[in-house]
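First comes the structure, then the notes that go with it.
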Amino acid sequence: MSSPLLPVIPPRLDLGMVALAARVHPELVRRFVELGLVPAAADASGRLWFTPDAPEQVRRIVRLHADLSLNYAAVALVIDLLARIDVLEAQRSVIRPRRETPPWR
């Protein structure tokens, strides 16, 4: 039985865990945080904490940078546009659910 007075701590990853999961150097992850590409929270000692989806975010940034030869400012724009597309597609499916068959059949 849980107490309603105890706070629920969401799962979080530290810098080393994110770097290991994304297969990059921890300093690269720290650089992405400084550039505002990956959100992180810092505790009182300055240690960085990340959400569980941070390794995937880091891998996406590395892929965009390497595969498309984008600088990090362009990567930020692409990530923002992809997030906006996801929101619009979610709204579209709420307004008009997808049909099983295309309308031209």
- Donor on one side chain, acceptor on other, Trp49 and Asp43, under 3.5 Å: yes
- With sequence neighbours left out, the residues meeting ring-ring contact (aromatic ring centres under 6.0 Å, His included) with Phe50 are none
- Salt bridge Glu56-Arg63, side-chain N to carboxylate O under 4.0 Å: yes
- Separation between CG (Leu28) and CG (Leu15), nearest 0.5 Å, reads 10.0 Å
- Message: For Arg59, is the CZ atom crowded, meaning more than 12 foreign heavy atoms sit under 6.0 Å from it?
- Response: yes
- Query: With the 4.5 Å side-chain cut-off for hydrophobic clustering, are Val78 and Val62 part of the same group?
  - Reply: yes
- When clusters are formed by joining ILVMFWY residues with side-chain heavy atoms under 4.5 Å apart, either directly or through shared neighbours, do Leu68 and Phe32 land in the same one? yes
- Query: With Ser69, which residues qualify under side-chain hydrogen bond (donor to acceptor under 3.5 Å, both in side chains), at least two apart?
  - Reply: none
- Does a side-chain heavy-atom distance below 4.5 Å link Leu13 with Pro55? yes
- Message: If I take atom CD1 from residue Ile79 and atom CD from residue Gln57, how far apart are they, to the nearest 0.5 angstrom?
- Response: 7.5 Å
- Identify whether Leu20 and Val58 are in the same connected component of the hydrophobic contact network (ILVMFWY, side-chain heavy atoms under 4.5 Å). no
- Query: Under a 4.5 Å cut-off applied to non-hydrogen side-chain atoms, are Val29 and Leu48 in contact?
  - Reply: no
- Query: Is the His65 ring parallel, tilted or perpendicular to the Tyr72 ring (thresholds 30°, 60°)?
  - Reply: parallel
- Could you state whether Val75 and Leu35 fall into the same hydrophobic cluster, counting links through intermediate Ile, Leu, Val, Met, Phe, Trp or Tyr residues with side-chain heavy atoms under 4.5 angstrom apart? yes
- Item | From CA spacing to verdict: side chain to side chain contact (heavy atoms under 4.5 Å, CB included), Arg60, Leu82 | CA-CA 11 Å; Arg60 176 184 262 184; Leu82 291 173; 4.1 Å; yes
- Task: Answer yes when Arg30 and Glu27 have at least one side-chain N-carboxylate O distance shorter than 4.0 Å, and no when they do not.
- Result: yes
- Query: Among the clusters formed by ILVMFWY side chains lying less than 4.5 Å apart, do Leu77 and Val38 turn up in the same one?
  - Reply: no
